[in-house]
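To start, the structure under review is shown below, and the notes come after it.
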Amino acid sequence: MLDTKFIRENHDRVLHNSHAKHTQPDISGFLRLDERRRAIIQQAQDLKAKRNTVSEEIARLKKAKENADALIAEMKTVSDTIKHLDDELRGVEEQMEHITLFIPNVTHESVPHGKDASGNIEVRRKDGVNPCEGERGFRKDHATLAKELGIVDFERGAKISGSGFPLYTGKGARLERALLNFMLDQHTGNNGYTEVFVPFLVNEASMRGTGQLPKFAEDMYTCAADDLYLIPTAEVPITNIYRDEILPASELTKKHCGYSACFRREAGSYGKDTRGFLRLHQFNKIEMVKFAKPDESYAELESLVNDAEGILQVLGIPYRVILLCDGDTGFSSAKTYDLEVWSPAEQKWLEVSSCSNFEDFQARRANIRYRTEQGAKPEFLHTLNGSGLATPRLMVALLEHYQTEDGTIRIPAPLQPYCGFEQIG
RNA sequence: GGAGAGAUGGGUGAGUGGCUGAAACCAACGGUUUGCUAAACCGUCGUAGCUCGCAAGAUCUACCGAGGGUUCGAAUCCCUCUCUCUCCGCCA
């Protein structure tokens, strides 16, 4: 959510940015409402001030056992007017909020302009230490490999829940668990994150806090009977840990990481990239979240990307870092880098991580502030988050890159202690 | 799921219709005193918004879990909701 004053003073920029992000908010309507709002407040305030002083006068008269009927009658109409003004104000503010909630975050000046993913910029690329580099004759795709090796049972997963709900079996289940533990240990042990284990179902206020609601209601699973939502990412519960709180500046930058299952309806994406692990309704992810001082958040974004990259480097998987153009940057984000791994079978780059600086967009929605010193005015802090990493496409890259000529999978050395085995098959 | 109790400023906690934005104490901060520490004393000590001002700041308004209602006037009375605690029941 953007600051009302910021929208008022930068409405052209906000409008252009919204168009770049393919949204059409009613900025001029917002400005009209804003003006009306201030007029109402002014008028209501004057009347309330009058009511307060006259009420004191009434109290004084009553105590002196004098007649106050005329004043009381007068105040009755004043109170009625106040009530009507307050009602109108409520309506105006509701309309303003409705518009504001659908205005996307303004992108950072370093973000390139572009219509869609074609406008993104590759920042850097790293080759892996792939043991099969250059050998293409025996290359099988991840879904075929997984099926042959018996590490995932898509059919039974679909029987239990539906398509997009994979059932990991045997060494596949162990490998999945190994990846998650390995990544958590990296972030807590080497990168300075404090681990959290979060609720997977959250309330509406949390979803609004991080920006999933109200705009993206269609993308989420809901538990209607209890007014709860299944989280699409651990970003939601982790960021909301400090909702409505004021953190001391000495605790910033605060860094949390955590595992969660992620649930996404992926409505409207059937048939597109849905083979195997490419797009799932439920998957596992390690998420990193930072709470930073505004003047440090962009440096923190770079180190956040490095932390995510570190996983791929240790696992020796080829990847590249992409800076998203404004047209491809998410609703809440001011600047986003994607990490993509190479799938030799798909001959495609696959997104495994998205690292964003939201500046104060989420903090304003969720009311997360910090105070530089005792007695200082609390200010909104900056929130950042990034996947570190999501497992399904990481698994794709791992299987495809570490397959051997005889159809087995070599487990990368750093992962072996977590797996308890050196190969699959 | 049933019964009951509760929610006030950073903390404890007073306050049942007007003089309460809120006592008192604690914590914190500034100062005086002091060889140092301690103690004592004095002062400061919530958030948000409108308007005015270059600014420091000033006026006004709102906020005592949240939202409605009654009233000239609500922390205080009424209704709904949320959360916490206690007891009973059920349960991994």
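Source: prediction; values computed, not measured.
- Comparing U47(B), C50(B), U70(B) against the side chain of Arg369(A) picks out U47(B) as the nearest.
- Between Gln42(A) and Ile246(A), the residue whose closest nucleotide on RNA chain B is further toward the 5' end is Ile246(A).
- Each of C50(B), G73(B), C60(B) was ranked by its minimum atom distance to the side chain of Ser79(A); first place goes to G73(B).
- Comment: Lys83(A) does not engage Asp80(A) in a salt bridge, judged by the lack of any side-chain N to carboxylate O separation of less than 4.0 angstrom.
- Between Lys50(A) and Glu74(A) there is a salt bridge, since at least one side-chain N of the basic residue sits less than 4.0 Å from a carboxylate O of the acidic one.
- In summary, Glu148(A) and Lys140(A) engage in a salt bridge, as defined by a charged side-chain N under 4.0 Å from a carboxylate O.
- As judged by a 4.0 angstrom heavy-atom cut-off over every strand, Arg51(A) is placed among residues touching the sugar-phosphate backbone only.
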Could you write out each protein N or O paired with an N or O of nucleotides 18-21 of chain B at a distance under 3.5 Å?
unit_1 : atom_1 : unit_2   : atom_2 : d
G18(B) : N2     : Ser55(A) : O      : 3.3
C19(B) : N3     : Lys63(A) : NZ     : 2.7
C19(B) : N4     : Lys63(A) : NZ     : 2.0

Table please: side-chain donor-acceptor pairs of residues 245-253 of chain A below 3.5 Å, with sequence neighbours left out.
unit_1    : atom_1 : unit_2    : atom_2 : d
Glu251(A) : OE1    : Lys254(A) : NZ     : 3.0
Thr253(A) : OG1    : Glu300(A) : OE2    : 2.8

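- Taking atom P on both U80(B) and C63(B), the two are 22 Å apart, rounded to the nearest angstrom.
- Aromatic ring centres of Phe277(A) and Tyr168(A) lie closer together than 6.0 Å.
- Atom NE2 of His22(A) is surrounded by more than 12 heavy atoms from other residues, nucleotides or ligands within 6.0 Å.
- The residue Asp46(A) sits apart from the nucleic acid: no heavy atom pair falls under 4.0 Å.
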